[in-house]
Amino acid sequence: MATRVQFENNCEVGVFSKLTNAYCLVAIGGSESFYSVFESELADVIPVVKTSIAGTRIIGRLCAGNKNGLLLPHTTTDQELQHLRNSLPDGVVVQRIDERLSALGNCIACNDHVALTHPDLDRETEELIADVLGVEVFRQTIAGNILVGSYCAFSNKGGLVHPHTSIEDLDELSTLLQVPLVAGTVNRGSEVIASGMTVNDWTAFCGSDTTATELSVIESVFKLRDAQPNIIVDEMRKSLIDSYV
Amino acid sequence: MEMEQSGMFMPAQTVGTVLCCICGVAMPPNPANMCVRCLRSRVDITEGLIRHAAIVYCPECHSYLQPPRTWIRGLEPESKELLAFCLRRLRLPQRRIRLVHAEFIWTEPHSKRLRLRLRVQAEALHGAILEQAHMVELTVHDRLCDNCTRAQANPDQWSAVVQLRQLVQHRRTFFYLEQLILRHGAAVRAIRIAEADHGLDFFFGSRSHATKFVDFINGVAPIRFRNDKQLVSHDVKSSIYNYKHTFSVEISPVCREDLICLPPKLANALGNLGPLVLCTRVTNSIALLDPLTLRSAFLDANQYWRAPFKSLLTSRQLVEYIVLDIEVESAEVHIGGSKYVMAHAQVARITDFGKNDTMFTIRTHLGHLLNPGDYALGYDLYSANNNDFDIDQHKNLVLPETILVKKSYQEKQSKKRGKARTWKVKNLNMEVDTTSKGRNDEKRNTEYEEFLRDLEENPEMRFNISLYRNKEYQPSEAASTADGDDIPSIPLEELLADLDLSEDEGNQNGENMDE
């Protein structure tokens, strides 16, 4: 189900939150309303963690992660790192990496199997991504933009990309990612998809400016209508428990 | 694009379709990511553009006001210039909006409304460029412009006057000047022309017109003039002074065919020209001819006015002589375009002829014209009473008894008197003051007759004048071939066909036979 939400009257939800299949990170807002929306939706399924990264609230754009791990920029403070290590489930590897491009959320877009990265990312970072997140890494551009992390958002079920993406590009990306992709907009015609929304396999949160058309596109491409969180999470829990044992 | 030019392979890029974020219709992506209809319904780029404006129009001179003070003429309805003028009045914000197309929508002229349809392009949200039509209605207000108000308030308002004066007893100069002015159109800008004692007054609306007229007169007559002005009104706040300008122009009193006695200084300066000279031609310089030595001199206006002199005898004092005998003395001499031949002649006054034996033997310069038995006009110095200061100045001056000036066709012309001429001249539209004292209509008419006769006799005088064919002239049955001696008349080739634009006769202008 897709929900409309606002962070302190701002519709760029993807900037202030990070949602994956195993956890959810939320920025510290002046009022608790943002956090409460996430909590009401996700509380009994996955942990919802309030945090800051590098002292800022734009956590969604600074970190990149999936159910296997979380990558943080080198500007993250030690306390934040420790807090995250403590709050997140044990199966999630939290790693701080040294990368010139420190806004990892803008440079990396990933789901649980595949990641698309900024073409100028370091070799070591690419290897780290492959290790920590357990994904296959592809360097790509989307509609001519190198900030792939901003202009597309995808989960294991589907993806939404920049509206100006050509059909050939869409086909190519779709083959790489192995998920259905659609070009569309969010927040009433905004092209910066990943800042406007955040998504995982069963739920999505969009800015409150998102129109009904956009919402229906999102729900159809990410297959959110008949998603049942419990089944997915149970599967995950099983795999997590298995690894401990 | 550089990559394409360098020959690299660029895969084909097909633009996909996105859903409009508002209405959900499939459309190619645009910067706003809304379909055109949704964009248009949300964004109005003509917001802030004015829809009604007013322009001011003067119904008298058909000009439009460009504030604060300029009135522009020549703007035809529905013309490009009027469109440009209206667009300037609309004050479109050039930074934000680009004007793509503008046209008039037709309105009734008496509705006092002008309608424009503009198409403007502007950037809507997120950089999408939208084009929209915009209607503007301009109200036309009628108001008389300053010039028309002034003209209406006082139609005779003149601000400069040129007063031409010549202190002589005849008006020949003014008849001649009238024809010159007509030919060159120098008085087209005059508001009014009035006849005055000893001259003419020309009234103009602006000082520059008057100056131009004075310059024209300067080129055709030896004049001196002065310029004066009188304050009419004074606008204290903007320091504008309204004046009436007066140009007092005085034409030299020396006329053609006048006998002049030069003051001794001037005679010396001109190379000891015999103190008695005849004036042969007056244009902007005076041509003097010594009839006894056939020497000539030219005096230009400045030279004359430095030491002005008056004529000794004028053409009113011409007396008729009959030539009894003539003996050519010298060869033909060409001076200033005319030829003269020195001759000895025996003449007698017509009044004396037959009554007594008074005869004079004189030298004359008209040897080429005169034959025994001809009549001639000349100055009778023998019996004239000269009260001239300059003559007394010359010591040991021997005056000839007679100086002949021109040949006379009086006898033969008396037969022709009363018959119409083949040609006519036009007249200036003058206001004549009929109530003033001292006007003599008969004298005017005789003078005018003489002027016309002068025109017939002198081809060089006709040079600058337009003569028109007289349609009313019917040649008489008594053909002029009976006259053995040719009276000077104007050949047909010199006459211009008068331009007749009357519609009932369907008369288009025929040949314009100019010399």
Side-chain angles (χ1 to χ4, degrees), chain A residues 2 4 11-12 119 140-146 150-153 158-176 180-197 206-222, chain B residues 1-49 95-98 100 119-134:
Chain A
R4 288 199 186 103
C11 301
E12 304 290 319
Q140 264 295 337
T141 63
I142 294 187
N145 291 313
I146 50 178
S150 315
Y151 288 105
C152 79
L160 186 64
V161 293
H162 189 289
H164 290 185
T165 316
S166 66
I167 295 184
E168 289 82 13
D169 272 358
L170 263 181
D171 287 340
E172 187 185 339
L173 285 168
S174 195
T175 359
L176 279 179
L181 293 176
V182 90
T185 65
V186 79
N187 277 342
R188 197 178 258 265
S190 166
E191 298 161 342
V192 197
I193 311 291
S195 334
M197 59 175 286
C206 311
S208 57
D209 275 349
T210 313
T211 60
T213 318
E214 289 165 340
L215 216 54
S216 74
V217 167
I218 289 168
E219 285 188 351
S220 75
V221 78
F222 289 109
Chain B
M1 271 195 287
E2 293 165 14
M3 288 175 75
E4 281 168 354
Q5 283 169 2
S6 66
M8 278 189 73
F9 169 70
M10 292 292 293
Q13 305 273 342
T14 332
V15 179
T17 53
V18 211
L19 294 189
C20 163
C21 63
I22 312 258
C23 59
V25 66
M27 56 159 212
N30 64 38
N33 289 314
M34 287 193 238
C35 65
V36 180
R37 285 167 138 195
C38 290
L39 196 55
R40 213 169 261 164
S41 67
R42 307 241 157 215
V43 179
D44 179 18
I45 56 176
T46 65
E47 185 184 6
L49 285 190
R95 289 161 285 111
R96 188 168 60 94
I97 282 186
R98 207 178 71 152
V100 177
R119 267 199 282 147
V120 292
Q121 275 184 359
E123 191 185 301
L125 44 106
H126 300 305
I129 295 186
L130 207 59
E131 189 173 297
Q132 196 171 339
H134 181 61

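Labels below follow one simple rule: chain letters A, B, ... track the order of the sequence lines, proteins then strands, and each chain is numbered from 1.
Note that the CD1 atom of B:I22 and the CZ atom of A:R188 stand 4.0 Å from one another [nearest 0.5 Å].
The candidate from A:G184, A:S166, A:S216 with the greatest count of non-hydrogen atom pairs under 4.5 Å with chain B is A:S166. The residue among B:C21, B:P28, B:G24 with the most heavy atom pairs within less than 4.5 Å of chain A is B:C21.
Proximity to chain B is absent for every atom of A:N187, based on heavy atoms less than 4.5 angstrom apart.
Counting heavy atoms from C-beta on, the side chains of B:V15 and A:H164 never come closer than 4.5 Å.
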